[in-house]
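Heads up, the thing below is written out as structure tokens.
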Amino acid sequence: MTMNEATSSVEVILGTYEEYLLGYRCSLKNESTQQTFATHSHCASIRSICTSGRYLASGGADDRIVIYDLQHRTEKHPLTHHSATVNCLAFTPEHTHLLSGCNNGVLAIVRVGSWQLEKVWEKAHKGSPILDIAVHPSGKLALTLGGNHTLCTWNLVKGRQAYVINLTTKSKDPKSVDRITWAPCGVRFLLSGGRYTEVWSIEKGGVLNTIEHDCKVICALWLENEVFLVGYENGKIATVNSETGEVNVREAHTTRVKCMAQIGDLVVTAASKGDFKIWNDDFKMVSEVNTGCRITSLCAITVEDDGESVSESESETSEVIVAPVQVARGKVTVEHDSDTEEVPKKKKKKKSKN
């Protein structure tokens with residue numbers, strides 16, 4: 001994928017420990033960078049952000065998800081259906097639903113546009129934290145990684161769990177695995193964490209290749225179907241051939257690479273101390289910015305010359321944004337997983353007047 005000639009700018013959006021969501025526009029023509037926005041919508045650290053079409057979602061340690069309209073540059077409203085830190089977010093490829101996982105093991109699905117809560121699994125990983133979510137390119141299934149060292153597959157068409165893999169018998173270092181990423185082909189996915197990256201195949205139903213690294217892997221993303229990029233705790237990055245296991249290490253940052261994103265032929269990497277860098281396809285640095293905040297997550301979008309965001313789809317622009325989700329008042333219909341048992345509340349005994 002190459003950058004469109006009419007698109008000469010990239011906007012990098014960052015979540016921070018300082019509770020701020022930051023935006024920076026980087027011009028590729030004159031190599032200049034300027035801050036576009038800074039919003040303080042969360043009251044605790046931001047843990048995850050993701051984009052789809054015109055929308056951006058951020059999840060934080062304040063148990064909330066905040067939705068932003070990038071086209072009109074407005075904040076919609078917070079989603080408050082979680083009661084623990086929101087660790088991970090993922091939109092479906094067709095921009096129809098938003099999946100979220102939190103620290104108490106709840107997995108939820110919200111419809112984009114109406115922002116109504118459609119499905120809840122109270123104990124997706126038996127109450128253990130959900131560490132990461134990856135939606136298949138087809139949008140028909142998703143994978144979640146749990147703190148109980150299990151990998152769950154979810155059928156998004158039927159809205160139910162398909163199967164569970166116990167990583168303690170499959171993975172090289174199951175206690176350290178904390179990230180999962182689909183390859184563009186949708187046949188392979190990557191499990192990363194600790195000193196290992198594992199390439200899995202849904203055709204084989206297991207591990208294709210395990211690559212050991214000299215330093216702890218913090219984050220990873222696929223560049224092509226056979227090549228992925230990893231960020232290390234020591235600030236370096238490396239391209240890895242998933243078939244041969246060849247690792248090509250490069251200098252990047254002075255502190256751990258916290259997160260990264262790909263946008264066209266460009267790659268954005270961000271370090272924990274607050275700096276992010278944009279690299280071209282030859283890994284020559286195009287831009288560098290120090291935000292002054294501790295970065296936790298990032299995403300990148302292309303913007304037109306007039307500054308408007310390039311939307312992947314305009315199919316949901318006519319939908320009406322409704323009020324925040326209020327399950328207690330019955331304003332939305334929530335479908336709970338059949339395995340979830342409701343605990344009846346004990347009735348209080350009336351005190352005797354004698």
Side-chain angles (χ1 to χ4, degrees), residues 10-26 32-52 55-70 73-91 98 100-104 129-133 178-179 216-221 231-235 237 252-261 263 267-278 285 287-301 303 309 324:
V10 172
E11 186 168 23
V12 178
I13 303 170
L14 306 153
T16 67
Y17 274 113
E18 287 77 10
E19 306 170 4
Y20 281 92
L21 190 69
L22 307 174
Y24 291 86
R25 182 180 178 185
C26 306
S32 64
T33 303
Q34 63 179 16
Q35 188 170 350
T36 52
F37 69 87
T39 178
H40 193 189
S41 301
H42 289 272
C43 56
S45 62
I46 297 174
R47 299 300 177 89
S48 178
I49 60 175
C50 65
T51 59
S52 180
Y55 294 115
L56 166 74
S58 64
D62 56 359
D63 310 346
R64 300 191 308 158
I65 300 170
V66 181
I67 306 297
Y68 308 87
D69 187 326
L70 294 176
R73 297 287 157 162
T74 56
E75 178 184 325
K76 290 302 177 184
H77 54 72
L79 306 180
T80 57
H81 52 272
H82 284 297
S83 59
T85 298
V86 181
N87 291 328
C88 45
L89 297 166
F91 281 103
L98 172 66
S100 57
C102 66
N103 215 39
N104 62 0
I130 299 177
L131 305 177
D132 202 11
I133 300 173
D178 57 5
R179 292 290 180 270
K216 183 179 179 181
V217 176
I218 303 298
C219 53
L221 64 83
Y232 293 122
E233 190 175 35
N234 60 7
I237 59 176
H253 299 270
T254 56
T255 57
R256 62 178 176 174
V257 183
K258 186 68 177 177
C259 44
M260 16 188 209
I263 181 73
V267 171
V268 185
T269 60
S272 57
K273 75 172 185 179
D275 60 312
F276 72 86
K277 298 181 180 182
I278 301 177
M285 190 173 66
S287 179
E288 179 181 9
V289 177
N290 192 338
T291 66
C293 295
R294 295 169 295 169
I295 298 171
T296 61
S297 49
L298 76 82
C299 57
I301 59 174
V303 291
S309 302

Side-chain donor/acceptor of [X] to backbone N/O of [Y], under 3.5 Å:
X      : Y      : answer
Thr51  : Leu56  : no
Asn103 : Pro129 : no
Glu18  : Arg294 : yes
Thr296 : Gly15  : yes
Thr16  : Ile295 : no
Asp63  : Thr85  : yes
Thr291 : Cys293 : yes

Quick check: closest heavy atoms across [X] and [Y], and the distance to 0.1 Å?
X      : Y      : result
Thr269 : Leu298 : C-CD2, 4.3 Å
Lys273 : Thr254 : NZ-OG1, 3.1 Å
Ala44  : Asp62  : CB-N, 3.5 Å
Gly231 : Ile237 : CA-CG2, 4.3 Å
Ala261 : Ala300 : CB-N, 4.4 Å
Ala38  : Leu22  : CB-CD2, 3.6 Å

Point-to-point distance, once rounded to the nearest 0.5 Å, from [atom1] of [X] to [atom2] of [Y]:
X      : Y      : atom1 : atom2 : answer
Leu98  : Cys50  : CG    : SG    : 5.5 Å
Cys219 : Arg179 : SG    : CZ    : 8.0 Å
Ile13  : Tyr68  : CD1   : OH    : 10.0 Å
Glu11  : Arg25  : CD    : CZ    : 8.0 Å
Ile133 : Asn87  : CD1   : CG    : 9.0 Å

Working for side chain to side chain contact (heavy atoms under 4.5 Å, CB included), residues Ser297 and Ile46: CA-CA 8 Å; Ser297 49; Ile46 297 174; 4.3 Å; yes
Intermediate values then yes/no, side chain to side chain contact (heavy atoms under 4.5 Å, CB included), Tyr17 and Ser272: CA-CA 10 Å; Tyr17 274 113; Ser272 57; over 6 Å; no
Could you check whether any side-chain heavy atom of [X] comes within less than 4.5 Å of a side-chain heavy atom of [Y], counting everything from C-beta outward?
X      : Y      : result
Arg64  : Leu79  : no
Asp178 : Asp132 : no
Tyr232 : Ile218 : no
His81  : Ser100 : yes
Ile65  : Leu89  : yes

Phe37 vs Arg73, side chain to side chain contact (heavy atoms under 4.5 Å, CB included): CA-CA, chis, key distance, verdict: CA-CA 9 Å; Phe37 69 87; Arg73 297 287 157 162; 3.7 Å; yes
Check: Tyr55 ring centre within less than 6.0 Å of Phe91 ring centre: no
Worked check of side chain to side chain donor-acceptor pair (under 3.5 Å) between Thr33 and Ser287: CA-CA 8 Å; Thr33 303; Ser287 179; 2.9 Å; yes
Test side-chain hydrogen bond (donor to acceptor under 3.5 Å, both in side chains) applied to Ser58 and Glu75, Arg47, His42, the passing residue: His42
Residues Thr39, Leu21; criterion side chain to side chain contact (heavy atoms under 4.5 Å, CB included); working and verdict: CA-CA 5 Å; Thr39 178; Leu21 190 69; 3.5 Å; yes
Side chain to side chain contact (heavy atoms under 4.5 Å, CB included) partner of Tyr24, chosen from Leu14, Ile278, Thr36: Leu14
